A.B. asks: 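Right, I'll just put the structure down here and ask away after.
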Amino acid sequence: MMYDIGLTVFNGLAWAMATFLVAAGLTLIFGILHILNFAHGGFFMIGAYVSYTVMLAFGAGLPLWVFMIGAMAAAVVVGLLGWAVDMFVFRRLRDVEDAYSLIATYALLLVCGGAVQLIWGLNYLSVMPPPSLNSVVFIGDVFMPTYTIFVILSGVVAYIGLELLINRTQIGQLIRVVAVDPWMARLLGLNVTRIYLVTVIFSFAMAGVAGALLMPNQSLSPELGGIFLLQAFGVVIVGGMGSIRGAFLAALLLGMIESFGTYLFPQYPGIFFLLALAVILLVKPSGIMGKEQTA
Amino acid sequence: MSNGINRRGVMKGMAAAGLAMPFVNVRTAMAQSGPITIGVVTPLSGPAQLIGTFVREGAEIAVEHVNANGGINGREVELSFRDSKANPNDASVAARELIGSGVNLQLGTISSAVALAMGPLLQSEGGVVITSGAGTEKLNHENYNPHVFRVGDSPVSRNAGLVRHIANSRPDIRKWGGIIPDHEYGRTTWKIFEATMRKAIPELTGEEAQIAEPILVPYGSGDYRNYIAQAMRQDVQGIYTSVYGGDAVTLYQQASPFGLFDKIDVLLDSANEFLVATAMKDQTPAHWSGFHWYFEANKGNPLSDQLYSRYVERTGEKYPMGWAAEAHAAILAYKGAIEKADSTETTDVIAALKGLSFDSATGMRHIRAEDNQAIKNAELAFIEPSSSEPDGFAVTDYVSLEGEKVIEPARPGQMLDIDAL
């Protein structure tokens, strides 16, 4: 019994942190630019493919440092794509209705799928974790793959890093000011456009890193962009749109609900996340950390 | 009161008819002596695009072969492609549009939902379709439609073939579990697996098969750890799975560090052919997979050898999926039927397809007149990781089982009788 509960908690944490890694960039962009970026999954996918290419270039064996170089390469490439997207797409969306943002970012998602197809083809690809992350650790009777522990720790580190960045640094302070009132920030002489650009590049780089870190547990195909997108949106919405802390808590909550739901009712796979999403939004439509809307 | 008909109206109608007549005549003449156009409605975009590319290659290679050998009754064959997106709505629009432009003979359906939608549509519009691998058993059972033919495996012959072979070769494995996608096809494959295994094991060993509850997994998930944990809890020697494509690769990747494949003796994969092995290479878990067509099992068959060599020449890839052979077979079936009927009219072709025997890349196939289902060999291969192989894996065993012995009795219009398997 304790074994089952231990493994279920562990799997819930793995689900939560994998999803948070994807959701972090998504909620950051929404929090600052108020753009619901459907293309986030597409750039997550490109990050995974870039990292795959780097790892392929280094050949078999894949020590951990190659894996981390792959993640950094993914961050740089996808961050640069973020720069291009901000210059050519997001800037044009700032003063238009939300519906245009949704359509434009959905179109970007399709472009990502097409680009992946052209560059890497349609075939399924995969990479195993580096040997140092491809073992098992026992805690009591519960065995835990080291790569999954690595994913969980990556999620926690990403959360702590983001919290520190937003709350304890000067750039974080500027980002918060712009998020609250860009008009006033502009009046005070802040370069709001540049702060937006930095935010987008950083969010995209996070999508790239998430793709790279999660790649060894996923099949790569042009459909990868959609795999985590629904979960990530769920986490962002339940957490409260734009809240990093909310997304982290929501990921933990939904991960545990999904994991225990599957353990207790295996005949209904995959529905507990959706069920929890619906119930939480009925009870608290603004999400865990979201601000209530007032008329 | 006017009845709406006057002299001016009649004259206009006659003039319009007169203007149209030459075109009608030309089109009819072309239909009788010009190239025969066959429509290929298959996914050319979207999640199933990869499968569509195999269908496209197989159909084009077959047409090359047919045209190089005199065409059909001396007429060239040409293909007209439409994107089904593996979606019944898009496929219906494409099929209707093709029929509207005179293309009544079609193939390329790979999705069960699309294949089921095609029957009533083609019946009302006057067309016929040969599926290139749609897997639902309903096609030749409760949703049987005379306008839809399947020249590939029925789900029964595929899965019963797998079970019969494993039960014969490893009768010591009596405890089975399953990891099944939670959709209609997944549940059907499990139903067939369970029924056949429950029958096969006692026949061979005199003991009961012990079959655990199947583990249902959602489609398109990024995280299978909870389901893998369920599988780890089961006391089983063999696992059967019909999880397909990228989902299967993700599942196998995530299951590997948990030691799931070390815990069991046999992994039985209903349909992935080389999809998993080409992705995972030397990390591929050893497994038996069902195949529409495995080229090595058909070496020496000129149609198979030609299909394989042309595929490799055209794509540069060494591992064609069996979907290519099913599209290839569909063209050869149309050739046989049109030559038999000496007509391309829908009713004549349907009549000729029923009971047709024709050669293909997997040898002779026979289309049962009762339910439009082909009887063909069930092929399966054992794929193992191999670090000495350049691709990281090797096929170390394969079998081709006689179709007649693994297919269910024809029962068009009635549900699959599991007890009769």
Side-chain angles (χ1 to χ4, degrees), chain A residues 3-4 7-8 10-12 14-16 18-19 22 60 110 113-114 117 121-129 133-136 142-148 214-224 226-231 255 258-263 266-273, chain B residues 45-54 179-182 186 213-233 244-259 272 274-284 315 317 319 321 387 392:
Chain A
Y3 165 83
D4 287 345
L7 195 55
T8 306
F10 178 68
N11 287 336
W15 186 103
T19 307
V22 186
L110 298 180
Q117 195 179 313
L122 286 168
N123 288 337
Y124 296 109
L125 306 170
S126 77
V127 169
M128 291 308 280
L133 294 180
N134 205 11
S135 55
V136 174
V142 181
F143 57 91
M144 302 175 177
T146 43
Y147 171 73
T148 308
L214 298 181
M215 173 192 58
N217 253 192
Q218 300 297 321
S219 60
L220 298 186
S221 80
E223 303 308 314
L224 178 62
I227 297 282
F228 278 96
L229 199 58
L230 180 65
Q231 280 174 216
E258 174 67 19
S259 194
F260 276 93
T262 307
Y263 170 63
Q267 63 275 38
Y268 303 109
I271 67 161
F272 298 98
F273 160 72
Chain B
S45 66
Q49 185 184 350
L50 177 65
I51 297 171
T53 61
F54 291 110
I179 302 178
I180 305 299
D182 186 23
E213 277 296 305
I215 294 160
L216 298 172
V217 300
Y219 174 76
S221 174
D223 192 334
Y224 290 100
R225 290 180 189 87
N226 281 309
Y227 310 102
I228 294 162
Q230 284 180 45
M232 293 295 293
R233 286 184 207 112
Y244 191 71
D247 286 358
V249 177
T250 302
L251 171 70
Y252 291 178
Q253 270 186 309
Q254 295 180 358
S256 184
F258 281 88
N272 277 298
F274 289 116
L275 277 183
V276 168
T278 50
M280 294 186 71
K281 301 187 170 56
D282 62 351
Q283 301 298 322
T284 305
T315 64
E317 292 184 6
Y319 297 103
M321 291 281 292
S387 48

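Each chain gets a letter, A, B and so on, in the order the sequences are listed, and its residues count up from 1. Not measured: the values here are computed from a predicted model.
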A.B. asks: Counting heavy-atom pairs closer than 4.5 Å to chain A, which one of B:Ser45, B:Gly220, B:Pro218, B:Gly246 comes out on top?
C.D. replies: B:Gly246

A.B. asks: Could you measure the distance from the CG atom of A:Leu7 to the CZ atom of B:Arg225? Nearest 0.5 Å is fine.
C.D. replies: 11.0 Å

A.B. asks: Kindly compute the distance separating OG1 (A:Thr262) from OH (B:Tyr224), expressed to the nearest 0.5 Å.
C.D. replies: 12.0 Å

A.B. asks: Determine whether more than 12 heavy atoms belonging to other residues, nucleotides or ligands lie under 6.0 Å from atom OH of A:Tyr3.
C.D. replies: yes

A.B. asks: Need one label for A:Ser221: side chain, backbone, both or neither, based on atoms under 4.5 Å from any heavy atom in chain B.
C.D. replies: neither

A.B. asks: Please classify the contact of B:Glu317 with chain A as side chain, backbone, both or neither, using a heavy-atom distance under 4.5 Å.
C.D. replies: side chain

A.B. asks: Is A:Ala18 in contact with chain B via its backbone, its side chain, both, or neither, using a 4.5 Å heavy-atom distance?
C.D. replies: neither

A.B. asks: So which of A:Pro266, A:Ser219, A:Gly226 has the largest heavy-atom pair count under 4.5 angstrom toward chain B?
C.D. replies: A:Ser219

A.B. asks: Who are the ring pair (Phe, Tyr, Trp, His ring centres under 6.0 Å) partners of A:Phe273, not counting sequence neighbours?
C.D. replies: A:Trp15

A.B. asks: Is it true that B:Asp223 and A:Gln231 share a donor-acceptor pair across their side chains at a distance under 3.5 Å?
C.D. replies: no

A.B. asks: For the candidates B:Ser221, B:Gly46, B:Ser256, B:Gly245, which exhibits the highest count of non-hydrogen atom pairs separated by less than 4.5 Å from chain A?
C.D. replies: B:Gly245

A.B. asks: Might you point out which heavy atoms bring B:Gln253 and A:Met128 nearest each other, and give the distance in Å?
C.D. replies: CG-SD, 4.0 Å

A.B. asks: Looking only at heavy atoms, which two atoms of A:Gly270 and B:Tyr227 are closest? And how far apart?
C.D. replies: N-OH, 3.3 Å

A.B. asks: Measuring heavy-atom distances to chain A, does B:Gln254 have an atom under 4.5 Å in its side chain, in its backbone, in both, or in neither?
C.D. replies: both

A.B. asks: Name the member of B:Thr53, B:Val249, B:Asn226, B:Asp182 that forms the most heavy-atom pairs with chain A at distances under 4.5 Å.
C.D. replies: B:Asn226

A.B. asks: Any idea which of A:Gln117, A:Glu258, A:Gln267 has the most non-hydrogen atom pairs under 4.5 angstrom with chain B?
C.D. replies: A:Gln117

A.B. asks: Which one, B:Lys281, B:Gln283, B:Gln49, leads in non-hydrogen pairs under 4.5 Å with chain A?
C.D. replies: B:Gln49

A.B. asks: Is there a side-chain contact between B:Pro257 and A:Tyr147 in this structure, where contact means two heavy atoms from C-beta onward sitting under 4.5 Å apart?
C.D. replies: no

A.B. asks: Quick one: does A:Asn123's side chain get under 4.5 Å of B:Tyr319's, heavy atoms only?
C.D. replies: no

A.B. asks: Is A:Pro216 close to chain B through its backbone or its side chain, or both, or neither, when contacts mean heavy atoms under 4.5 Å?
C.D. replies: backbone

A.B. asks: For A:Tyr263, which atoms come within 4.5 Å of any heavy atom of chain B: side chain, backbone, both, or neither?
C.D. replies: side chain

A.B. asks: Ignoring hydrogens and angles, tell me if any N or O in the side chain of B:Thr250 forms a donor-acceptor pair with the backbone of A:Gln218 under 3.5 Å.
C.D. replies: no

